[in-house]
Undergrad: 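One structure is given below, represented as structure tokens, and several questions about it will come after.
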Protein chains: 2
Amino acid sequence: MDTFKESQSTRSKILETALRLFSQRGYLGATTKEIAKEAGIAEVTLFRHFSSKERLFEEVLNTYSFLPALKGLLPEIVKIPYEDALIVIAKKFLETLNLRKEMIRIMHSEIHRYPEKIHRIYHSFMDELFKTLASYFNVMQKKGILREFDTEFGARAFLGMFFSYFNAQEFKMRKKYRNDDTDRTIKEYVNIFVRGTLK
Amino acid sequence: MDTFKESQSTRSKILETALRLFSQRGYLGATTKEIAKEAGIAEVTLFRHFSSKERLFEEVLNTYSFLPALKGLLPEIVKIPYEDALIVIAKKFLETLNLRKEMIRIMHSEIHRYPEKIHRIYHSFMDELFKTLASYFNVMQKKGILREFDTEFGARAFLGMFFSYFNAQEFKMRKKYRNDDTDRTIKEYVNIFVRGTLK
DNA sequence: TATGTTTGTTAGTAATTACTTACATTAGAT
DNA sequence: ATCTAATGTAAGTAATTACTAACAAACATA
């Protein structure tokens, strides 16, 4: 059983390292030799766990595809004021994007290699978010707090603003997140959106 | 002189093809052999025009870096109603993104290879847009049409919504743009934003 | 102790790739 | 007609890469 555990940890060491290197150098730029070296194992061990580099890549995509991000938040946020709720949602969303930063980079840079698979991952992640947020808007509309508007488009608009902000940070940086800038951005974006959707 | 013209067209054929292939397969995935073949020239000719693949890549980035997109629009849009102006801006913005679609894909997928250069290109493009739009908002605030808000953040929020929409299309598709969906999106986003910023 | 599983080491192979050299061909300019 | 610059053809090189084969070491379990 310890044998199995050892094998599992070797496997996950490879997966973690591969995620990082695919994200940093792209699929072709990350060599199996380097992945193995960085993972602290022999190259041949990599091929014993994953029959090919392609398979390893697929497993990375499967392993680190997205978490549900907002669903669990719903029960709490219906109780707090609208503007505060949006701030919580924006923060949680940006946090999730940060947690899966490497995956997002891989998806951007390898969309041409695996269009259908990456599309599926993106879809399953974003659609859940859109629908969760839209259903929150629906609740708020029924309460008479929000005016009438297409909640699905509203959700896309709201999360879209922050997704762009996140991508811009990715472009601009390597200088790490300055939280004050993030907080300011959240405040301003939410403010506009709140006024845009209140009754 | 015809000789020179011929040479120019060879050079641009190479650049065009390289843009396309770098965008489709990434820097490492696009081989000089294939670029030459697709451009209808001999591989050695490519190396006579560009001393290395790296240099070719740099020239592609330089050649197709962004156009000024909104600046020319300003004089006209100050005359038309706010909501119509935003629709025009959104359309023009999406149109520009579409024109430079390949460049955007390259920037996404090769940000790790040329971080400073790509950052510069992104910056020079987006900053001009942000500032142009912000200055439009300033004008509208002085006219008393818009409420007080930080116009730079407003501009980022507005364009961010549509940049995300554009990226989502890129992820989702290969099925080409459905204009009705785009028009609908523009309408809904603009509507929220208008209410969010009016006095 | 004996055994089976996982890993490391070493060496190698076939394919690909960026890039070069040498020489021939084309065609416009003088 | 001749010269020159741009291009093509053919052949090749050195480096890298994904992946394999063979054998030995380590280690857990029975």
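In what follows, chains are A, B, ... by sequence order, proteins preceding strands, each numbered from 1. Every value quoted in this text rests on a predicted model; they were computed, and no experiment measured them.
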Undergrad: Distance alone, cut at 3.5 Å: any donor-acceptor contact between the side chains of B:Thr182 and B:Tyr165?
TA: yes
Undergrad: Would you say A:Thr45 places a side-chain N or O within less than 4.0 Å of OP1 or OP2 belonging to C:dG8?
TA: yes
Undergrad: Nearest whole Å is fine: how far is D:dT9 C1' from B:Lys37 NZ?
TA: 16 Å
Undergrad: Who are the side-chain contact (heavy atoms from CB on, under 4.5 Å) partners of B:Val88, not counting sequence neighbours?
TA: B:Leu73, B:Ile77, B:Ile80
Undergrad: Please check if the distance between the ring centroids of B:Phe163 and B:Phe130 is under 6.0 Å.
TA: no
Undergrad: Between B:Ile41 (CD1) and C:dC19 (P), how many Å, whole number?
TA: 14 Å
Undergrad: For A:Tyr136 and A:Gln141, does a side-chain donor sit closer than 3.5 Å to a side-chain acceptor?
TA: no
Undergrad: Grab the CZ-C1' distance between B:Phe50 and C:dT20 for me, whole Å please.
TA: 18 Å
Undergrad: Could you check whether A:Glu148 pairs with A:Lys199 (Lys NZ or Arg NE/NH1/NH2 to Asp/Glu carboxylate O, under 4.0 Å)?
TA: no
Undergrad: Closest-nucleotide mapping onto DNA chain D: is B:Ala42 or A:Arg48 further toward the 5' terminus? I mean the 5' end.
TA: B:Ala42
Undergrad: Whole angstroms only, please: what is the CZ-P distance between B:Arg55 and C:dA18?
TA: 17 Å
Undergrad: When every nucleotide of nucleotides 15-20 of chain D is labelled 5' to 3' by its protein contacts under 4.0 Å (heavy atoms), B for base, S for sugar-phosphate only, - for none, what sequence of letters results?
TA: --SSB-
Undergrad: At under 4.0 Å, does any side-chain N or O of B:His49 touch on OP1 or OP2 of D:dT7?
TA: yes
Undergrad: Testing B:Lys33, B:Lys13, B:Arg20 for salt bridge (charged side-chain N to carboxylate O under 4.0 Å, His left out) with B:Glu38, which one passes?
TA: B:Arg20
